[in-house]
Amino acid sequence: MTTVGVPAGWPATEEEARAVQDELRGRVVLDERGPEPGTGRVTGVDVAYDDQLDLVAAAAVVLDAATLEVVAEATAVGRVSFAYVPGLLAFREIPAVRAALDRLPCPPGVLVCDGYGLAHPRCFGLASHLGVLTGLPAVGVAKNPFTFSYDDPEPARGAWAPLLARDEEVGRALRTRDGVKPVFVSVGHRVSLDNAVAHTLALTPRYRLPETTRRADALCRRALREAARSVAGGVQEATTRQAPTS
DNA sequence: GCGACAG
DNA sequence: ATCTTGTCGC
């Protein structure tokens with residue numbers, strides 16, 4: 001099993017990480033609408049953890065945007081690069097995600113992240129961070145409202161309400177299934193909010209969460225199980241070798 | 001000061 | 001994120 005390490009210069013403290021966000025957020029591009037839903041490719045990325053074994057597994061799954069069929073997929077396993085701190089999620093997820101993206105055999109198209117983009121304490125969440133580092137269009141689709149507030153959208157799929165920080169719209173609470181809890185969409189990089197919402201609806205013909213994140217979630221969990229099994233197997237193998245020879 | 005807080 | 005069985009409903 002090949003493992004990816006923490007990148008050189010990766011922040012070691014929360015202070016350093018916040019400084020990186022403050023420096024990079026100026027590179028977010030907000031004046032592009034982005035590719036139209038249903039055209040080209042859309043790539044879901046997700047990460048799973050085993051904190052006991054200090055393992056992280058990431059997956060990137062490329063879908064044909066028109067058919068939602070899987071075009072390509074890749075995984076990467078490594079060590080945990082940062083503790084989970086609200087507002088600093090990107091530092092925990094990005095090294096493994098980038099390694100998985102680097103292993104894809106084709107261009108990813110639009111990235112769909114689990115989490116937020118501009119809707120963030122320093123306006124630089126995971127989706128924006130990954131977008132800036134890769135240069136790719138990126139959107140954030142989160143399952144929880146984080147620190148933001150919203151009024152419940154109408155019950156029909158497609159209905160939405162502004163996601164608010166203070167009184168600013170930083171994203172949208174979007175109903176992707178009739179009568180089901182909304183998801184929370186925000187702009188990452190090189191995509192407009194309207195288009196991010198349109199992409200999310202195009203990716204949710206059947207389930208609350210986008211097909212991209214469902215596929216990536218399943219794949220990174222599988223990769224983590226296999227990595228954990230491999231680690232456990234290695235330990236067992238070593239133990240066996242060390243058995244007394246009396 | 002205390003609690004909340006994407007994954 | 002992760003720990004976890006059954007259960008209500010389409």
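Here is how names work: the chains are called A, B, and so on, in the same order as the sequence lines, proteins then strands, and each is numbered from 1. Computed over heavy atoms, backbone and side chain alike; hydrogens, waters and symmetry mates excluded.
Distance alone, capped at 3.5 Å, is enough to place a donor-acceptor pair between the A/W10 side chain and the A/F91 backbone. Counting only distance, with no hydrogens or angles, the side chain of A/N195 and the backbone of A/P35 share a donor-acceptor pair below 3.5 Å.
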N/O contacts under 3.5 Å, protein versus nucleotides 5-7 of chain B?
from  : atom 1 : to     : atom 2 : distance (Å)
B/dA6 : OP2    : A/Y84  : OH     : 2.9
B/dA6 : N7     : A/G87  : N      : 3.2
B/dA6 : N6     : A/G87  : O      : 3.1
B/dA6 : N6     : A/L88  : N      : 3.4
B/dA6 : N6     : A/L89  : N      : 3.3
B/dA6 : N6     : A/H120 : NE2    : 3.3
B/dA6 : N1     : A/L126 : N      : 3.2
B/dA6 : N3     : A/Y116 : N      : 3.1
B/dG7 : OP1    : A/K143 : N      : 2.8
B/dG7 : OP2    : A/N144 : ND2    : 2.5

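Rounding to the nearest 0.5 Å gives a distance of 4.5 Å between OG of A/S192 and CZ of A/R33.
Residue A/R221 places at least one side-chain N or O under 4.0 Å from the OP1 or OP2 atom of C/dA1.
The neighbour count for A/R41 CZ, taken as heavy atoms of other residues, nucleotides or ligands under 6.0 Å away, does not exceed 12.
What separates CZ of A/F91 from P of C/dA1 is a distance of 20 Å, to the nearest Å.
Of the candidates A/F146, A/Y150, A/F148, A/F184 forms a ring-ring contact (aromatic ring centres under 6.0 Å, His included) with just one, namely A/Y150.
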